[in-house]
Amino acid sequence: MNDFRKKLGVEGGGYRYYGICTAGGMFSAGATHLAVTPLDVLKVNMQVNPIKFHSIASGLNILWKEEGPSSLWRGWSTKLFGYGVQGGFKFGLYEFFKTCYSDVLTGERPSVVFFLSSASAQVFADMALCPFEAVKVRVQTQPNFAKGLSDGFPKLYALEGLSGFYKGLLPLWGRNLPFSMIMFSTFEHSVDLIYRKFVQKRKEECSRTQQLGVTCLAGYTAGAVGTVISNPADNIVSTLYNKKANTVLQAARSIGLVNLFTRSLSIRVALVGPVVTLQWFFYDTIKVFNGLPTSGGLSRGIEGAA
C-alpha cells in the first residue's frame with residue numbers, strides 16, 4: 001500500500017472487502033429508506049402540491065384523514081429495493097474508486113480523491129435507482145396509478161416505454177452527484193476533525209463503540225450539508241415525474257428560484273439527516289462485525305498537517 005493510500009485510510013483490495021462494502025451499503029440504504037417512507041411520501045407531496053401540503057404536521061394529518069394510514073407507506077417496496085440497489089453501488093464502488101484514484105492521484109489533495117470517487121460511484125448508483133424512483137414518485141403522489149413495484153413497472157412501461165424510467169436521470173444526477181460528493185467528503189473530513197480536535201486520539205486507539213459514535217456524528221453532519229446543496233434538484237425531479245413540467249428549465253421556472261432552495265427543505269433535513277446517520281452506522285457496524293475498521297478519517301498524527 002502506498003503512502004497516499006495510508007493517508008486516506010484506504011483499506012481496499014480484494015473481492016471480499018468490496019463484497020462486504022457492497023452488502024453493507026445495500027442493507028444500510030435499503031433498511032433506512034424503508035423506515036422513513038412516511039416522511040418521504042409527505043416530502044414528495046409537499047413538492048408537487050405545496051399549497052395543500054405546506055407543513056410537516058398538517059401534511060401528515062391530511063394524508064392520514066383523506067387517504068388512511070396505509071397512504072403513508074405507499075411506495076415502500078420501491079424504497080426498499082431501489083435504494084438498496086443504489087446503496088450497494090454507491091458504497092461498494094466508492095471504496096473501489098477510492099482505491100483506484102489513490103493509486104494514480106498521489107499528488108492531489110485528499111478531497112479530490114473523495115470527490116472523484118463519490119461522483120464516479122454515484123453515476124452508476126443512480127442509473128440503477130432511476131427506474132425505481134420513477135415508479136416511486138408516481139405511486140406516492142398518484143394513488144390510482146399503482147400499488148407498488150409489481151404493477152407499477154409494467155404500467156409505466158406500457159404508458160411511456162423504456163424512456164419513462166429514465167426521464168429523471170439527468171436531474172437525479174443533478175441532485176445526487178453534488179449530494180454524494182459533498183456527503184462523502186464532509187464525512188471523511190468530519191471523522192478526521194472529530195478525532196483530532198475532540199477525541200484527541202487516533203482512531204486505532206479508540207474502542208469500536210467510540211468509533212461508531214464518531215461515525216454517527218460525522219454522518220449527521222454530512223447528511224445535513226448535502227441536503228442543502230441538493231434540494232433544488234430534488235424539487236425538479238418530483239416536478240418532472242409528475243408531469244408538472246416537461247423540461248428541467250420549465251420545472252425550475254415554475255418552482256421559482258427561492259422555492260428551489262426552500263420548498264420541502266425542512267422535511268428533507270428531518271428525513272435525510274437521520275437516514276444518512278443510520279446508513280453510516282449500519283454500514284460501519286457491518287464492517288466491524290466482519291473484522292474491518294470503521295470508515296473515514298485521514299491517517300496521520302493528532303497534530304499532523306492538513
Side-chain angles (χ1 to χ4, degrees), residues 28-29 32-33 35-48 50 53-57 59 79 83 86-87 90-91 94 110-112 114-119 121-123 125-126 129 133 137 168-194 214-241 248-249 251-281 283 295-296:
S28 63
T32 51
H33 278 280
V36 296
T37 297
L39 288 177
D40 187 61
V41 172
L42 175 60
K43 181 208 74 171
V44 173
N45 279 280
M46 288 176 71
Q47 292 172 332
V48 174
F53 299 94
H54 56 84
S55 70
I56 295 176
K79 295 280 288 181
Y83 283 92
Q86 187 210 38
K90 182 168 66 175
F91 283 92
Y94 174 73
S111 293
V112 174
F114 300 149
F115 282 147
L116 290 175
S117 301
S118 55
Q122 194 67 50
V123 166
D126 282 349
L129 170 66
E133 186 77 357
V137 172
L169 181 58
L170 289 178
L172 199 62
W173 277 336
R175 178 187 74 185
N176 290 346
L177 280 171
F179 176 84
S180 186
M181 293 167 71
I182 295 297
M183 189 273 287
F184 275 102
S185 182
T186 301
F187 176 83
E188 298 270 9
H189 287 295
S190 294
V191 169
D192 178 59
L193 179 67
I194 292 170
V214 171
T215 291
C216 290
L217 288 174
Y220 190 85
T221 301
V225 173
T227 298
V228 175
I229 299 297
S230 64
N231 202 57
D234 189 62
N235 279 302
I236 290 174
V237 168
S238 295
T239 300
L240 286 175
Y241 275 138
V248 172
L249 186 59
R253 285 176 175 173
S254 66
I255 296 170
L257 181 61
V258 174
N259 287 333
L260 278 173
F261 288 91
T262 60
R263 180 178 294 177
S264 74
L265 182 60
S266 60
I267 184 67
R268 287 199 73 223
V269 170
L271 175 68
V272 177
V275 164
V276 173
T277 303
L278 287 174
Q279 279 186 23
W280 278 110
F281 174 73
Y283 177 66
S295 304

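Here the shortest heavy-atom pairing between Pro38 and Ala35 reads CD-O, 4.0 Å. Nearest approach of Val191 to Ala218, heavy atoms of both residues: CG2-CB, 3.5 Å. Nearest heavy atoms, Gly87 versus Ala29: CA-CB, 3.7 Å.
Here the straight-line distance linking atom CD of Gln47 with atom CG of Asn259 works out to 11.5 Å at 0.5 Å rounding. Interatomic distance, Asp126 CG to Leu170 CG, rounded to the nearest 0.5 Å: 11.0 Å. Rounding to the nearest 0.5 angstrom, the gap separating the CD1 atom in Ile236 from the CG atom in Leu172 is 12.0 Å. Between the CG atom in Leu169 and the CG atom in Leu240 there is a gap of 12.0 Å [rounded to 0.5 Å]. Annotation: the span from Glu133 atom CD to Asn176 atom CG amounts to 8.0 Å, rounded to 0.5 Å. The OG1 atom of Thr37 lies 10.0 Å from the OH atom of Tyr83; values are rounded to the nearest 0.5 Å.
For Asn231, the side-chain hydrogen bond (donor to acceptor under 3.5 Å, both in side chains) test picks out Arg268, with sequence neighbours left out.
Side chain of Ser117 to backbone of Phe114: no donor-acceptor contact under 3.5 angstrom is found.
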If you apply the rule side chain to side chain contact (heavy atoms under 4.5 Å, CB included), what do you find for Leu217 with Ile194, and how did you get there?
CA-CA 9 Å; Leu217 288 174; Ile194 292 170; 3.8 Å; yes

Begin from the C-alpha positions of His33 and Asp40 and carry the test side chain to side chain contact (heavy atoms under 4.5 Å, CB included) through to its verdict.
CA-CA 8 Å; His33 278 280; Asp40 187 61; over 6 Å; no

Acceptor/donor pairs from residues 177-189 side chains to any protein atom, 3.5 angstrom cut, sequence neighbours excluded:
unit_1: Ser180; atom_1: OG; unit_2: Gln122; atom_2: OE1; d: 3.1
unit_1: Thr186; atom_1: OG1; unit_2: Ile182; atom_2: O; d: 2.6
unit_1: Glu188; atom_1: OE1; unit_2: Gly297; atom_2: N; d: 3.4
unit_1: Glu188; atom_1: OE2; unit_2: Tyr94; atom_2: OH; d: 2.7
unit_1: Glu188; atom_1: OE2; unit_2: Lys98; atom_2: NZ; d: 2.9
unit_1: His189; atom_1: NE2; unit_2: Ser111; atom_2: OG; d: 2.7

Identify every side-chain donor-acceptor pair in residues 269-278 under 3.5 Å, counting partners at least two apart or on other chains, and give the distances.
unit_1: Thr277; atom_1: OG1; unit_2: Tyr220; atom_2: N; d: 3.2
unit_1: Thr277; atom_1: OG1; unit_2: Gly273; atom_2: O; d: 2.8

